[in-house]
Amino acid sequence: MQVKKNLAFQIISGEAFIVDSEKSMLHNLNETGTLIWKNLLKGKEKKEIISNMLKNFNVSEKEAKKDYLNFLKELKSKNLLEEE
Amino acid sequence: MNVKISFANNPFVFHFKAKTVMKLLKRYSFFSHPGKRVCSFDVEFTKNSNLPLMPVITEKKSIVAFRRKDFDCVFDETRNEGLLRVNPRLQSFDSFLRVFLSWYLIRNSGFLVHAASAVINGRGYLFVGKSGAGKSTISKMMIKELGEKKFPLLTPPYTLYPIVLTDELSIVRIIGDKIRIYPSPFWGEMKNPRYETGAGGKNELEDLKEGVDLARIFFLKKSRKNKILSSPDRESYKNMLKCVMNFSKNKYAALNLMRSLSTILERIESSKLYFSKTGIFGELWRGQACK
């Protein structure tokens with residue numbers, strides 16, 4: 001899975017704002033979501049993303065994995081990811 | 001018959017085949033412009049059908065189509081020329097203009113935003129909010145509480161008298177290191193604004209066409225108490241994004257808009273304006289916003 005191509009985004013005060021122009025939808029991510037999003041854009045794999053989460057946030061590996069999977073599920077449900 | 005009108009220093013020319021455009025001339029008289037055009041349109045009056053109810057913009061290479069139930073325009077971006085087929089009603093032409101201008105401004109470091117705007121003391125203010133937020137209410141209160149003068153001065157010494165630029169849809173552009181707001185032909189509840197009728201003070205109001213520097217952005221919040229609170233950057237950004245008019249499905253249009261918004265919010269202070277039915281300008285404005 002990768003981030004859908006036709007999305008515009010910008011980081012404001014550490015939070016990502018994503019505009020899905022086709023659907024006229026605005027999505028606002030929190031800090032954790034923004035970090036995962038930026039890593040997905042760089043094409044990073046699950047293991048490296050979770051490692052970056054552990055470096056940046058005071059969470060256990062179990063929590064980081066759970067957050068990562070939940071976030072990906074949310075991105076899929078909002079149609080912000082597509083098959084590579 | 002040719003109608004030349006300019007918004008935010010962008011002159012557009014409309015070539016009408018029909019002769020009955022007098023209402024239109026009156027509607028946009030303040031915005032008439034003798035100079036060179038940036039875009040031109042051949043206009044035909046038709047009764048369109050089988051078109052979408054909501055405005056849709058489609059872009060294929062340099063050809064852009066603007067379609068709604070009552071208008072259909074094909075615009076060639078390389079030549080800056082278009083053919084507009086529109087219902088022979090003022091509202092339909094006005095709606096096309098709103099959709100086209102929203103698209104055009106986003107490509108040119110600007111946008112149309114759901115906001116009232118005004119000039120007070122020679123400085124520009126935006127009052128941002130969607131339908132029902134109180135744009136017309138705040139505009140009327142401004143005139144009621146700060147007074148109204150027939151011939152407002154735009155050159156020093158400024159007066160406190162406000163000039164409302166619009167109570168509905170404001171035009172904002174980034175021009176070099178300035179953020180400017182401009183008179184808008186798109187109004188809400190406040191009917192018959194001075195610069196539409198052209199009654200009194202027209203020469204002084206001409207200066208407005210060059211735009212006025214934006215000094216502050218307010219996000220409108222109806223409240224029992226009057227107060228002004230600072231608005232965090234990300235909240236301001238989100239609120240602005242939600243209130244800007246953008247019908248384009250183009251990713252790069254969204255990117256342009258997002259860049260313009262972050263530039264503006266880096267340079268211009270934004271606040272939340274909680275206002276009750278009376279006294280916001282008397283109680284708070286003189287002390288805080290109009291120094």
Side-chain angles (χ1 to χ4, degrees), chain A residues 1-44 49 52-53 55-59 64 67-68 70-84, chain B residues 52-60 64-68 99 102-103 106-107 109 111-114 128 130 174 217 219 230-270:
Chain A
M1 294 297 266
Q2 65 177 13
V3 166
K4 216 168 104 182
K5 285 196 179 82
N6 198 28
L7 300 172
F9 86 98
Q10 200 170 35
I11 311 285
I12 301 290
S13 304
E15 291 188 4
F17 287 83
I18 303 163
V19 172
D20 186 344
S21 307
E22 279 174 16
K23 294 184 174 174
S24 303
M25 291 286 287
L26 169 66
H27 305 278
N28 179 200
L29 308 184
N30 64 14
E31 276 183 80
T32 314
T34 301
L35 184 135
I36 300 172
W37 178 261
K38 284 202 281 194
N39 278 268
L40 287 171
L41 282 171
K42 287 176 189 165
K44 293 194 172 162
I49 296 175
N52 282 335
M53 288 169 77
K55 278 182 208 162
N56 285 277
F57 303 111
N58 187 21
V59 287
D67 284 351
Y68 170 81
N70 283 340
F71 183 66
L72 242 61
K73 206 172 161 187
E74 205 179 330
L75 290 182
K76 278 180 203 166
S77 74
K78 291 187 170 149
N79 220 9
L80 297 174
L81 296 179
E82 64 186 6
E83 299 290 340
E84 284 184 56
Chain B
L53 284 171
M54 295 293 288
V56 173
I57 299 176
T58 49
E59 296 170 58
K60 211 171 188 180
V64 191
F66 304 84
R67 293 196 163 97
R68 205 180 73 163
V99 173
S102 70
W103 174 85
I106 287 173
R107 300 177 82 84
S109 307
F111 49 84
L112 278 179
V113 58
H114 290 281
V128 181
K130 287 209 161 185
I174 303 170
I217 299 168
F219 296 102
S230 68
S231 172
D233 283 352
R234 53 176 176 259
E235 198 177 323
S236 300
Y237 185 80
K238 194 175 181 176
N239 284 332
M240 286 296 281
L241 258 180
K242 283 180 175 174
C243 288
V244 168
M245 194 180 243
N246 178 22
F247 298 105
S248 176
K249 304 282 182 203
N250 186 322
K251 170 187 174 178
Y252 297 100
L255 270 175
N256 271 352
L257 172 61
M258 291 167 102
R259 286 187 194 127
S260 294
L261 287 181
S262 62
T263 301
I264 288 171
L265 293 170
E266 272 167 24
R267 296 184 195 169
I268 306 290
E269 186 184 353
S270 59

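Every chain is numbered from 1, with letters handed out A, B, ... down the list of sequences. Values below: every heavy atom of this structure, side chains too, minus hydrogens, waters and symmetry copies.
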Determine which donor-acceptor pairs between chain A and chain B fall under 3.5 Å and list them with their distances.
from, atom 1, to, atom 2, distance (Å)
A:Lys5, O, B:Lys251, NZ, 3.1
A:Gln10, OE1, B:Tyr237, OH, 2.6
A:Gln10, NE2, B:Ser262, OG, 3.2
A:Ser13, O, B:Arg234, NH1, 3.4
A:Glu15, OE2, B:Arg234, NE, 3.2
A:Glu22, O, B:Lys249, NZ, 3.1

Legend entry - Atom pair CG/CD1 of B:Leu261 and A:Ile12 - distance to nearest 0.5 Å: 8.5 Å

Inset, instruction - Can you sort out the partners of A:Asp67 under side-chain hydrogen bond (donor to acceptor under 3.5 Å, both in side chains), two or more places apart, ordered by chain and number? - result: none

Legend entry - Partners passing side-chain hydrogen bond (donor to acceptor under 3.5 Å, both in side chains) against A:Glu74 (at least two apart in sequence or in another chain): A:Lys78

